[in-house]
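First comes the structure, then the notes that go with it.
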Amino acid sequence: MSPGARPVGRAFFDRAPEVVAEQLIGCEISYGGCGGVVVEAEAYGQRDPASHSFRGETPRCRSMFGPPATVYVYLLYGLHWCLNLVTEPRGTGAAVLIRAIEPTHGVDEMRARRGVDDDRLLCAGPGRLTQALGITGAVDGMSLRAAGLQVGRRRGEPDVARVPRIGISRATDLPWRMVARGSRYLSRPIPRSIPG
DNA sequence: CACAGGATATACT
DNA sequence: GTATATCCTGTGA
């Protein structure tokens with residue numbers, strides 16, 4: 001994390017996932033000396049048919065039911081690790097998926113891990129982001145702190161657009177994908193149908 | 001730019 | 001057997 005950016009408190013995650021997702025945009029996250037500014041995050045809520053937790057606890061999504069600020073990392077398509085942070089309401093399986101960051105430090109190491117030169121493709125997507133940061137299932141179920149993840153409080157008020165989530169087939173109407181307007185580092189552009 | 005197809009763990013029908 | 005909170009590569013407009 002860059003000098004001067006105070007870490008968010010534990011209470012940061014004691015809110016509903018759509019609030020935490022919105023408030024995470026503009027925050028700097030860091031892991032093992034690599035990181036960047038969050039530009040895209042999605043909320044997965046209680047009684048949300050698109051959420052892994054919708055049908056209750058399974059071995060995969062078990063950590064979603066831990067306390068707020070628990071790390072949930074799961075393997076998607078048997079290939080890509082995806083990073084989530086658990087929120088309130090406690091014990092209901094609510095969480096936020098970190099989908100993209102704008103790289104700010106440890107860029108050379110992230111380029112090496114990803115095998116790409118283009119910084120726009122380093123962390124633009126949940127699978128790319130974890131590969132760049134070196135995050136795997138090894139930290140699943142840990143607290144944010146125990147996992148070695150740092151989240152820095154944001155300075156200003158970013159312009160955040162709320163749009164439908166990506167890659168799901170249920171609850172597609174909920175605008176729970178939060179994106180930094182104008183960012184060049186999104187996993188996908190903001191739909192043209194969104195006002196603003 | 002838009003597809004199609006492959007890789008392949010976990011969960012559900 | 002089918003679907004999934006994805007990414008990469010190849011082909012063709």
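Naming: A, B, ... by sequence-line order, numbering from 1 per chain.
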| task | Among residues two or more places apart or on two chains, list those pairs meeting salt bridge (charged side-chain N to carboxylate O under 4.0 Å, His left out) that have a residue in residues 159-171 of chain A. | result | A:Asp48-A:Arg165, A:Asp159-A:Arg181
| task | Decide yes or no for A:Val73 and A:Ile135: does some side-chain heavy atom of the first lie under 4.5 Å from some side-chain heavy atom of the second? | result | yes
| said: Any residue in residues 127-138 of chain A with a heavy atom nearer than 4.0 angstrom to DNA chain C? Just list them by number, or reply none. | reply: A:Gly127, A:Arg128
| Boundaries of the chain A footprint along DNA chain C (any atom under 4.0 Å from a heavy atom) | C:dT4 to C:dC8
| A:Thr130 versus A:His80, side-chain donor and acceptor atoms under 3.5 Å | no
| How would you label the contact of A:Leu79 with the nucleic acid (heavy atoms, under 4.0 Å): base, sugar-phosphate, or nothing? | base
| field | Stems involving DNA chain C, each a run of at least 3 consecutive Watson-Crick or G-U pairs under 3.5 Å | value | B:1-7 with C:6-12, B:9-12 with C:1-4
| said: Near DNA chain C, counting only heavy atoms under 4.0 Å, which residues of residues 174-196 of chain A show up? | reply: none
| field | Of residues 164-172 of chain A, the positions that come close to DNA chain C - non-hydrogen atoms, cut-off under 4.0 Å | value | A:Ile166, A:Gly167, A:Ile168, A:Ser169
| Who else is in the cluster with A:Leu97 when I, L, V, M, F, W and Y are joined by side-chain contacts under 4.5 Å? | A:Tyr44, A:Ile168
| said: Regarding A:Glu102 and A:Ser183, do their side chains bring together a donor and an acceptor under 3.5 Å, going by distance alone? | reply: no
| task | Give me the first and last nucleotide of DNA chain B, going 5' to 3', that has any atom under 4.0 Å from a heavy atom of chain A. | result | B:dA7 to B:dT13
| task | If a pair satisfies salt bridge (charged side-chain N to carboxylate O under 4.0 Å, His left out) and one of its residues is in residues 114-131 of chain A, list it, with sequence neighbours excluded. | result | A:Arg111-A:Asp119
| message | Test: salt bridge (charged side-chain N to carboxylate O under 4.0 Å, His left out). Region: residues 54-74 of chain A. Which pairs qualify, not counting sequence neighbours? | response | none
| task | Please collect all salt bridge (charged side-chain N to carboxylate O under 4.0 Å, His left out) contacts where either partner lies in residues 184-196 of chain A, sequence neighbours excluded, each pair once. | result | none
| task | Check step by step if side chain to side chain contact (heavy atoms under 4.5 Å, CB included) holds for A:Ile101 and A:Val39. | result | CA-CA 5 Å; A:Ile101 65 177; A:Val39 294; 5.5 Å; no
| note | Those residues at least two apart in sequence (or on a different chain) that pass salt bridge (charged side-chain N to carboxylate O under 4.0 Å, His left out) with A:Arg154 are A:Glu157
